[in-house]
Amino acid sequence: MSTLQIQNISKRYGDTVVFEKFSCTLHQGEVNVLFGASGSGKTTLLRMLMGLEEADAGLMPPFEDMRISAVFQEDRLCNNLSAYSNVKLVVEPSVSSEQVQNALVAVGLGEAIRKPAKELSGGMRRRVALVRALLATYDLIVLDEPFKGLDEETKREVISYTAEATEGKTVILVTHDMNEATRMKAKHVINLETLRS
Amino acid sequence: MNSTSSAKKRGTIRVWSVVLWLGVWQLVATILGQDILLVSPLAVILRLFELVRTSLFWTSIGYSFSRIAGGFFLATLLGVLFSIFSYRYRWFEELLAPPVQTIKATPVASFVILTLVWIAPQNLSVFISFLMVFPIMYTNVLMGIRSTDKKLLEMATVFRVPAYRRIRYIYLSQVLPFFRSACSVALGLSWKAGIAAEVIGLPQGSIGEMLYQAKLYLDTPDMFAWTLVIIVISVWFEKIFLILLDKAMLKMEHL
């Protein structure tokens, strides 16, 4: 499997140094788990991967040439749009309405398809954000705590659906739960605290 | 009834309240006994029925409505366009800031008198209506664009959502409530200012001219009847416009 190299990147906000010559390897076509306590630079690294921030120095893979998909830490749904429309907003026209509906049904949102996002519970919103990310076109998918707020039974089903949908794809999974990582068949761990020190 | 719907009902006009105030009006008019000072509501309605049967009534309404609504729509169009430019280019916002502030602070009467020098009376209400509406539209829409959720915009950037969808589903849904509230304020204001301009400029065949004539000949029933007409048109124009806008907003929420 080929890899994407992040080499010697530095990033600072004013006097706060987030990364100083930080390097890590992302394995393409596999699930990479990103570990790190709050304040370890996880969000900054993800933002750089998604092209929302630039490193001050160092070498990043050519993410601008790649299609990125993401489940953000916050759901980032359009509140007035229905669950269905939130997904439709980002997917290619080639993705049919039936595919969108089937995916929403598969994660237990059959009843919520036409409901505005603002009327959905936290767990439901999370699943809409996940379906949106999974149905979008991507070379790399960033999943920032995608199963947060789901009850155990739903989580089990959603993880199994996500693992199947991302098989063979480059995934960056942020989680604090080793079980989630195992069930997502993660093979590589990037521990920010170890790598930064 | 839940708390939201009861809250919505608060502040709305109730039939009993209208009847009570009409009763007070009728009582005071009866006590005074002089139509020239205060005409009774019944006399106003009767005069209105007479006016409705004349062609001048309808042509006057058409005349004023086309001009005031014209000014409103023109101001809406330019207000929205300029707010987009101002959002995009800081220098443009800085350029517009002094005139917008000046328009906001200047009394309508000053504008009417000043512009009468350059503008023909028949176009005065278009211009005055425009002047009153433009700053409200511009300021509110600009505020709406600025309030667009940055996190949603980042989401759209990551997913490479096309510009058209971004505008329609992200920007518009955030801006429309601001636009709606601007319309609600500006629609009533455009009528008040437009008619005031007509009363000063006296374009022939306008509602403003009818009001002026009524005042000149101390024809109080006419004055009240025309005032009632202005209120009804202004309220209905606002209601119909906002209903159409709400329908459009609802349609925008479907993909």
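Order of the sequence lines fixes the chain letters, A, B, ..., with proteins taken first and strands second; residue numbering starts at 1 for each chain.
- Evaluated for a side-chain hydrogen bond (donor to acceptor under 3.5 Å, both in side chains) with A:Asn79, the options A:Glu119, A:Arg125, A:Lys118 yield exactly one hit, A:Arg125.
- Heavy atoms closer than 4.5 Å to chain B are found in the side chain of A:Arg47, but not in its backbone.
- Cation-pi contact between A:Arg76 and A:Phe72: present, with separation from the ring centre below 6.0 Å and deviation from the ring axis of at most 45°.
- Both the backbone and the side chain of A:Ile68 come within contact range of chain B, judged by heavy atoms closer than 4.5 Å.
- Aromatic pair B:Phe57/B:Trp226: ring centres closer than 6.0 Å.
- With a threshold of 4.5 angstrom between heavy atoms, A:Val142 does not approach chain B through any atom at all.
- For the pair B:Arg166 and B:Tyr171, the cation-pi criterion (under 6.0 Å, within 45° of the ring axis) is not fulfilled.
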